[in-house]
Every structure is written in C-alpha cells, then in structure tokens.
Amino acid sequence: MSKEITSRADDYSQWYNDLIIKGGLADYSAVRGCMVIKPYGYAIWENMRDQLDKMFKETGHENAYFPLFVPKSLFEAEEKNAEGFAKECAIVTHYRLKADPDNKGKLIVDPEAKLEEELVVRPTSEAIIWNTYKGWIQSYRDLPLLINQWANVVRWEMRTRLFLRTAEFLWQEGHTAHATRLEAIDETVQMLNVYATFAETFMAMPVIKGVKSANERFAGAEDTYCIEALMQDGKALQAGTSHFLGQNFAKAFDVKFTDKENKLDYVWATSWGVSTRLIGALVMAHSDDQGLVLPPKLAPIQVVIVPIFKGEEQKQLIDEKVKVLQQQLKAAGIKVKYDDNDNNRPGWKFAEYEMKGVPVRIAIGARDIASNVVEVARRDTKEKMSMSIDGLAENIIQLLSDIQTSIFNKAKTFRDAHITNADSWDEFIQLLDEKTGFIAAHWDGTSETEDKIKELTKATIRCIPLDNNMQEGKCILTGGLSQQRVLFARAY
RNA sequence: CGGGACGUAGCGCAGGCCGGUAGCGCACCAGGCUGGGGGUCUGGGGGUCGCAAGUUCGAAUCUUGUCGUCCCGACCA
C-alpha cells in the first residue's frame, strides 16, 4: 500500500517524516521551511497547550499577547540576545506592493514604501516584552509580574525538519519579573519542574533536568536550565528551557523598581518556553515501525471502535450496542471515536488507527455481542484481549492508565540504558559511535574544550544534571581537573 | 551557505538518450459482490508535463535561464 512506513532500521529520518506525513500530523507547505499542522497534529498540540496552560495558571501566571513585530532598535537593545538571534531573523522592510509596470498581473515591492525603521519578526519576545514591562513596573508592589504568551515565532533556519525545526513555530514563552535574584531563580527552577512533570506525566517521556554550559546557554541569559530527552536513535533532544536572565534585560530596557527601603534597583527576570517541537519529541519517543504510538493523556482519540458486520441487519445491532458503550466511555471522560465509515473495511481501519497511534482499539461484531464481549487491542504492545461489555468503561480507564505507565517505563528503560560513563577519550568516541545516547564524562569546564569536543565528535554537552553527584575526575580530552561528570550527546 | 536528488493527475512514479499531442499504481466518482488485519469486479472522471524564453512544421522530451521542494552537512528550540 501507499501508506507503508519506512522502518527505523532502514532510514530513521525517513521513518520520522513518514510518521508525520502519513500519520496525518502535518504537511509540507508552499513556504520553504514552514509546515502546515493538520487537524490531527494540531489536536495533539491543543492537548499539550491546554495541560501546560493549566499548570502555568496553577503556578500563578496569566496569559497576554505581544506584537509579532519588533522594531530593530528594540531588538538590538540587549546585545547578546540580539547577536545570538541576528543571523536567523526575518525582517520587514516595506509595507506595500504595487502592480509591476513591466509584467502584467504581477506585483513588486513598492520602493516608495520603505519603512523608516525595519521590523524584526520576533524570533523570541524578550525585547518587545521588556520594553513594555518598563511601563508596567515602578514599585516592588508591581512584582512579581508573571506573564505567559502563546504565540508563533520565526527563526530563519538553514535547514528545517518537520516539528523539530521549522522556520515558523508555535510555542509559549513565559516572561517574569521579580524583586530579588533568589526569587527569579526559584521561578526558573519552578518552571523547569513544570516542564519536567509535563514531559514525564503527560508525554510519558523521561527527561533529565540540568543546566546548560556557557556555550549552550540562551543568548542573554545568566543560566539556562533545560530538560533533555533521548530519542530512539540515541540522539538527545532539548525539550524545554527555562532561563534565569539576571538583570540583563532590565538593564537593557531600563526597568527599575523601588523596593521597600525606597531604593531603586533593576528587576530580575526569567523566561521559559516549549514549542511544537514537543510533538516531534513525542513522535520519536514512542513510535514504532507500524506508526505513531501516542500516550493516552495526549492522544486526540483514546479509543476507536471498529464495527465488524455483514449486512445492514448486523450493522444496526452493532450501532445500537456501540451507542450505549460510547456514552458510557464518554461519561467516564474517555475520548472515543466510532468509525462506522462503510468505505473502508476493518483491516484497513486497524492499520490506519495503528498508524495514527490511537492507544486502544475496540472491535465489535455480532459474534461479540452474542457473547457480551468486545475485542480490545492496545497499540503499544499490539496485545489483543477479550473484555466483557459489562463494566467496560472502568476496564478501559485502567487500560489507558496502564498504557501510559507502560510506554513511560519502556522509554525510561531505554533512556537509562543509554546513559554511560566514559573515562577515556577512546571510550568516549567508541560509546558515541557505537552505543550512542548520553555519555557521562568529566570535563574541565572550559568553553574551549567543549568546542574542541564538538568539533571532533559533533557531541555537545547537553546539560549538567541538577541531581549530579559531585565526584572528582579528569577531563576526557585535556586531563584537566573536573568536579563532576556532565552529559554529552549528539543532539537534534 | 556547501554537497546531492527531484519538480509529469490528489499522492507515488514511468516516459525523456532516439521530438509526433501522455501512461501506470493508489486515491476519487457510480454500482455490485463483500466484511474478525490494508478485499474484489464492472464502468467512469481528472494532467496547457514547475515557470519563462529559444530551436523546430511540431517540445513532457533538445538548449538556456529561472523558481521551488526534499535529503545530507555547517548553524539552531
């Protein structure tokens, strides 16, 4: 069939693309580097967004919306941030088109309509937001300011990949302002924990919480905290970041407040974000050669019911039974779809919903109704079982919960098995090439060494884990003194 | 931005060397038989061959230019 998926072993990258395209998550578009997120993929994003939004609100944040465009003069205010993003910005220089006098039916940019000041399409919103915060913050009573926005941003990447790196992507960015350094750091860590909880509980994807080395730090941050996940091909993926920005942006945008002692000080800032890249992570974390495997907590459809019938009479009998079941499942909070489309036969549907990663499939035919059971199949293990129609909803709830746990454990077992200590350069190289995954090794703490390792191996320091054991050792490259192991990996 | 591949029906492709008015599979439409793992039969509809210029009586095919997409690399969430 045309819908066959390239296997992971044959071509991992093609496998990933096949899942996205054939699973109906997204499509290529007419715009280079930009994708169309299709309803099924968008539904996953909506589920992620709703859950995260709830968690943000539970931790005291409010949503707001800031402009897509950033005047260049604001953009350049925080030097490091500007420099970091400068080479991947889309810029608006004109505001009008006009008919091309030499080419009927075509349009050209009207040279008369050049903007006085160019507008940068936001690659991130610190600049426009901190310029706004200046007007909102005068006193410690205005703090903390805890704001999040759901938005799109544009980063003109050289090379894009569906969901993992697109020129335009959807994300959320939290931007908070605080009276003290400590409070800002607490906020940074709190949001990192929110992300980690989300990744593990909802995406069923184990993550390592850590701090970035200076090389990998967000442009303009004092510290970047991150969650790092491991994909099935042994490459790491940064799944979320939370930045402690110190007073850098407050100084750049002159955001001062009067404290309780009537002293003037700059505010302390954080920013944190996750993006539609999480969908890419989700896909790569669990899926197999038959298609997507979605965690029940984020699956747009948790249970699909496929009728199996001969003739209209049986169909009606099944319809009636399913109607009741469907109501029971819905009442139990389960997202259920009844696919009674007569254009496709059961086998086709089985394959289709496996490709789409629907966690549980229920097949029901006249035979089943006669014995008061249904056939239940779980996507993750492909195991089939017979379940009584009585009390089905409770059993399905339990099954969904088991699947959620089971795919998390599977991913965690794989991840844990792919964190390996390396104590020499040779061992490091060998592990990187043959075993892949995270490699815990000593590093002398310098950017030069990190650069050199990257140059030699393409591996970067993914993070310095927060729960690291302090343990002296020698840098695998230079032999310099090291206080702890850091995690290296090749990454997306 | 370097390297590679490719633009022909909605999708996947053949045809191109050797120029003569476009084909296959899937999908789609109508109907029948079917139905517990991607069924089958009959009959249909759909393409100015990425775009532009050139050569020619005649271009999907030859020439030149141009635009775009994907993959690999460097860069990055």
Side-chain angles (χ1 to χ4, degrees), chain A residues 1-6 11-14 16-18 20-22 27-35 84-89 103 106 123-124 152-173 195 212 215-219 224 226-229 236-243 271-281 290-291 306-312 314-315 318 340-355 361-369 373-375 377 382 384 386 454-455 458 460 462 490-492:
Chain A
M1 281 291 288
S2 61
K3 281 215 167 179
E4 254 167 50
I5 292 169
T6 308
D11 185 343
Y12 189 85
S13 161
Q14 190 56 46
Y16 174 78
N17 285 332
D18 282 357
I20 305 283
I21 301 295
K22 292 175 180 167
D27 233 339
Y28 294 110
S29 76
V31 190
R32 179 176 40 178
C34 295
M35 64 177 178
F85 284 102
K87 58 188 180 302
E88 51 188 29
C89 287
N103 210 341
K106 304 286 184 191
T124 180
N152 57 339
V153 289
V154 169
R155 296 183 187 175
W156 212 263
E157 301 289 350
M158 304 258 190
R159 188 160 121 59
T160 58
R161 296 197 67 186
L162 295 166
F163 285 114
L164 295 177
R165 179 167 302 105
T166 45
E168 179 192 10
F169 57 95
L170 305 182
W171 76 344
Q172 60 67 219
E173 45 182 328
Y195 289 154
K212 288 290 187 190
N215 281 17
E216 300 284 321
R217 196 178 285 154
F218 176 75
T224 288
C226 63
I227 51 172
E228 291 285 328
L237 182 83
Q238 179 174 304
T241 47
S242 184
H243 314 291
S271 71
W272 28 274
V274 295
S275 72
T276 36
R277 167 179 255 202
L278 287 182
I279 296 175
Q290 275 68 51
V306 177
I308 293 157
F309 58 92
K310 271 186 220 178
E312 203 47 39
Q314 286 194 1
K315 174 71 165 42
I318 294 166
D340 65 343
N341 183 336
D342 201 14
N343 294 330
N344 300 120
R345 293 167 76 264
W348 190 92
K349 290 177 188 174
F350 292 174
E352 180 68 11
Y353 290 107
E354 269 166 23
M355 173 127 65
R361 179 185 76 232
I362 296 177
I364 178 166
R367 203 158 86 191
D368 303 296
I369 293 178
V373 296
V374 290
E375 183 195 78
K382 309 237 176 60
K384 286 184 197 175
S386 185
K454 185 176 178 182
E455 191 191 314
K458 289 179 195 152
T460 50
R462 300 321 301 158
R490 295 201 174 113
Y492 278 99

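In what follows, chains are A, B, ... by sequence order, proteins preceding strands, each numbered from 1. Quick caveat, the model's predicted, so the values are computed rather than measured.
- Every residue two or more places apart in sequence or in another chain that forms a side-chain contact (heavy atoms from CB on, under 4.5 Å) with A:Asp11 is listed here: A:Thr6, A:Ser13, A:Gln14.
- A:Ile21 has its CD1 atom 13 Å from the C1' atom of B:rG12, to the nearest Å.
- Rounded to an integer number of Å, the gap from A:Phe350 CZ to B:rG35 C1' is 10 Å.
- In this structure, B:rG16 forms no base pair with any nucleotide, since neither Watson-Crick nor G-U wobble geometry is met with both distances under 3.5 Å.
- Within the shown strands, B:rG54 is the pairing partner of B:rC62 under the Watson-Crick or G-U definition, both distances less than 3.5 Å.
- For B:rG50 and B:rU34, the C1' atoms lie 43 Å apart once the distance is rounded to whole Å.
- Atom CG in A:Asp27 sits roughly 14 Å away from atom P in B:rG10 (whole-Å rounding).
- Taken to the nearest 0.5 Å, the OG atom of A:Ser242 stands 10.0 Å off from the CD1 atom of A:Ile227.
- Across the P atoms, B:rG23 and B:rG44 are found 15 Å apart, a figure rounded to whole Å.
- Separating the C1' atom of B:rC57 from that of B:rU42 is a span of 43 Å, rounded to the nearest Å.
- Residue A:Asn344 contributes atom CG, which lies 14 Å from atom C1' of B:rU34 at whole-angstrom precision.
- Here A:Phe85 and A:Phe218 bring their ring centres to under 6.0 angstrom of each other.
- The residue A:Glu157 sits close to a base: some heavy atom pair falls under 4.0 Å.
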Next item on the list: Decide side chain to side chain contact (heavy atoms under 4.5 Å, CB included) for A:Arg155 and A:Thr124; before the verdict, give the C-alpha distance in whole Å, the side-chain angles of both, and the deciding distance to 0.1 Å.
Entry: CA-CA 9 Å; A:Arg155 296 183 187 175; A:Thr124 180; 3.8 Å; yes
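- The gap from the C1' atom of B:rA27 to that of B:rG3 amounts to 36 Å, rounded to the nearest Å.
- Nucleotides B:rC28 and B:rG65 are separated by 38 Å at their C1' atoms, to the nearest Å.
- What separates CD of A:Glu352 from C1' of B:rA27 is a distance of 13 Å, to the nearest Å.
- Within the 4.0 angstrom heavy-atom criterion, no nucleotide atom of any strand lies near A:Leu237.
- A salt bridge does not link A:Lys22 with A:Glu352: every distance from a Lys NZ or Arg NE/NH1/NH2 to an Asp or Glu carboxylate oxygen is 4.0 Å or more.
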Protein N or O to nucleotides 69-74 of chain B N or O, pairs below 3.5 Å:
from	atom 1	to	atom 2	distance (Å)
B:rU69	OP1	A:Arg32	N	2.4
B:rC71	OP1	A:Asn17	ND2	3.2
B:rC72	OP1	A:Ser13	OG	2.9
B:rC72	OP2	A:Arg159	NH1	2.7
B:rC72	OP2	A:Arg159	NH2	2.2

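- In this structure, A:Lys87 reaches the sugar-phosphate backbone alone: every heavy-atom distance under 4.0 Å involves primed, P, OP1 or OP2 atoms, never a base.
- Across B:rA59 and B:rC17, the matching C1' atoms stand 15 Å from one another, rounded to whole Å.
- For A:Asp342 against B:rG35, a side-chain N or O and a base N or O form a donor-acceptor pair under 3.5 Å.
- Put simply, A:Arg345 has a side-chain N or O that comes within less than 4.0 Å of OP1 or OP2 on B:rG39.
- We find that OH of A:Tyr353 is positioned 13 Å from C1' of B:rG38, with the value rounded to whole Å.
- The gap from the P atom of B:rA52 to that of B:rG68 amounts to 16 Å, rounded to the nearest Å.
- On the P atoms, B:rC72 is 25 Å away from B:rA9, given to the nearest whole Å.
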Next item on the list: For A:His243 and A:Ser271, run side-chain hydrogen bond (donor to acceptor under 3.5 Å, both in side chains): C-alpha distance rounded to whole Å, both residues' side-chain angles, the deciding distance at 0.1 Å, then the answer.
Entry: CA-CA 5 Å; A:His243 314 291; A:Ser271 71; 4.5 Å; no
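- Atom-to-atom distance recorded for A:Tyr16:OH and A:Ile21:CD1 is 10.0 Å, nearest 0.5 angstrom.
- Side chain A:Glu354 to base B:rG37: a donor-acceptor pair is found below 3.5 Å.
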Note to self: Quick one, A:Ile308 with A:Ile364, criterion side chain to side chain contact (heavy atoms under 4.5 Å, CB included). Give me CA distance, side-chain angles, the key distance, then yes/no.
What the structure shows: CA-CA 6 Å; A:Ile308 293 157; A:Ile364 178 166; over 6 Å; no
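- One interatomic measurement links the two molecules: CD1 of A:Ile369 to P of B:rG36, which rounds to 16 Å at whole-angstrom precision.
- Between the side chain of A:Arg361 and the base of B:rG37 there is at least one donor-acceptor pair of N/O atoms closer than 3.5 Å.
- Of all nucleotides present, none satisfies the Watson-Crick or G-U wobble test against B:rG46 with each distance under 3.5 Å.
- Nucleotide B:rC26 holds its P atom 15 Å from the CH2 atom of A:Trp348, rounded to whole Å.
- The pair A:Arg462-A:Glu216 counts as a salt bridge, with a side-chain nitrogen and a carboxylate oxygen less than 4.0 angstrom apart.
- In a base pair of the Watson-Crick type (N1 to N3 plus N6-O4 or O6-N4) or a G-U wobble (N1-O2 and O6-N3), with each distance short of 3.5 Å, B:rG73 is matched with B:rC1.
- For A:Lys384 and B:rG37, a side-chain-to-base donor-acceptor distance below 3.5 Å is present, hydrogens and geometry of angles not being considered.
- Along RNA chain B, the nucleotide nearest A:Ala363 and the nucleotide nearest A:Thr166 are compared for position; the residue whose nucleotide lies closer to the 5' end is A:Ala363.
- Summarising the base pairing, B:rG10 is matched to B:rC26 through a Watson-Crick or G-U wobble pair whose two defining distances lie under 3.5 Å.
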